[in-house]
Amino acid sequence: MSFDHAHLLGIEPLAPHDITTILDLADQYADLGRSSAKHGTALAGLTQINMFFENSTRTQASFELAGKRLGADVMSMAMQASSIKKGETLIDTAMTLNAMHPDLLVVRHPHSGAVDLLAQKVNCAVLNAGDGRHEHPTQALLDALTIRRAKGRLHRLSIAICGDIAHSRVARSNIILLGKMENRIRLIGPPTLMPAGIAEFGVEVFDDMKKGLEGVDVVMMLRLQRERMDGGFIPSEREYYHRYGLDAEKLAHAAPDAIVMHPGPMNRGVEIDGELADDLRRSVIQQQVEMGVAVRMAAMDLLARGLRARRNTKAVMA
Ligand code: NCD
């Protein structure tokens, strides 16, 4: 099993075999998570620090649990109460933490590129837990694992990503990952929520849900990212739900065995019908959460192996 990356900053730098390596190991961790003894030792003796500069429920909990299940010392910084509020810069905070010798740093930040910048300043493995509108690699990986387990493969599927594409790092990472694995991607949403230059990504774009969903195997819904909008993107939530909200009637246009996904947090009755989200015959939203822990265990395990190997080489050279 080889994974030759010092950090996990995005899906962009990964090759298809890197993606498969992470998913294969995550599959094993998913089995471990379902057993009564959930612990492994891959991160024993290592220190993991979580720095979330933006709100998060499932991603932060998932990284925390993943680290603990593999035996790391895990610390989640309360960034709202941190010195950042006193004017300390991101880099100063990172350097302070770096002096405590963490091995894994998990970072979420509202600015695209902030996590890459930080990775250049510290000497541990950095995992991007979402930076602005840029990337959210572990989300795309957990989505990929959920799809692979539900559909039995991760190639030549027809996948619709729907809603607020423009503001979504989840959409961006998924488009890159699913494209690398040779799937057909359709983006569906109002033109105001489509990013400029999206055609370059080799996707098909629709502004009509029923047409866009025709025959697809996977329907991935996205949250309306109000906090990243400065007004004027949609007429009203009611109108949006009417045109772009996923309900049973619109889903009937997809393949009969199409699965429904959502990264959470969900706005029920805005982008998705609550009953459909809870319908376990179609919705894999709970599996996505479960696979999230497994994928983060796998990603941190692989990065830690690289970290140990590089440190050993340094020690031998010294
Ligand atoms: C996503 C995020 O933060 O980018 N949530 C998540 O990580 N599960 C999507 C969102 O906030 O809508």
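Computed from a prediction, not measured in an experiment: that's the story for all the values here. FYI, side chains are in, hydrogens and waters are out, and symmetry mates aren't considered; it's all heavy atoms of this structure. Numbering of ligands and ligand atoms starts at 1, following listing order.
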- Message: Using a plain distance cutoff, I'd like to know if G264 has any nitrogen or oxygen under 3.5 Å from a nitrogen or oxygen of ligand 1.
- Response: yes
- Message: For ligand 1 and P263, I'd like to know whether there is a polar contact (N/O to N/O, distance under 3.5 Å).
- Response: yes
Enumerate the atoms of ligand 1 whose separation from the nearest heavy atom of [X] is less than 4.0 angstrom.
X    : result
V170 : 1 (C), 4 (O), 9 (C)
Q139 : 6 (C), 7 (O), 8 (N)
R58  : 8 (N)
H136 : 2 (C), 4 (O), 6 (C), 7 (O)
T59  : 6 (C), 7 (O), 8 (N)

- Query: Is ligand 1 under 4.0 Å from a heavy atom in the side chain of E54, in the backbone, in both, or in neither?
  - Reply: neither
- Check the hydrophobic clustering (I, L, V, M, F, W, Y; side-chain heavy atoms under 4.5 Å; chains of links allowed) and say if I176 and I185 are grouped together. yes
- Query: If you group Ile, Leu, Val, Met, Phe, Trp and Tyr by side-chain heavy-atom gaps below 4.5 Å, do V289 and F63 land in one group?
  - Reply: no
- Can any side-chain N or O of D27 pair as donor or acceptor with the backbone N or O of A30 at less than 3.5 Å? no
- Message: Could you identify the single nearest non-hydrogen protein atom to atom 3 (O) of ligand 1 and state the distance to 0.1 Å?
- Response: R169 NH2, 2.9 Å
- Message: How far is atom 12 (O) of ligand 1 from the closest protein heavy atom, and which atom is that?
- Response: R223 NE, 2.7 Å
- Positive for side chain to side chain contact (heavy atoms under 4.5 Å, CB included) with I161, one of V218, N174, V216, D143: N174
- Item | Qualifying residue for side chain to side chain contact (heavy atoms under 4.5 Å, CB included) with H167, from E227, R172, R228 | R228
- Message: Looking at ligand 1, is there an atom of it that comes within less than 4.0 Å of some heavy atom belonging to R108?
- Response: yes
- Message: Can you tell whether the side chains of D208 and R243 come within less than 4.0 Å, N to carboxylate O?
- Response: no
- E54/R169 salt bridge by N-O under 4.0 Å criterion: yes
- Would you tell me whether D247 and Y241 have side-chain atoms, one donor and one acceptor, within less than 3.5 Å of each other? no
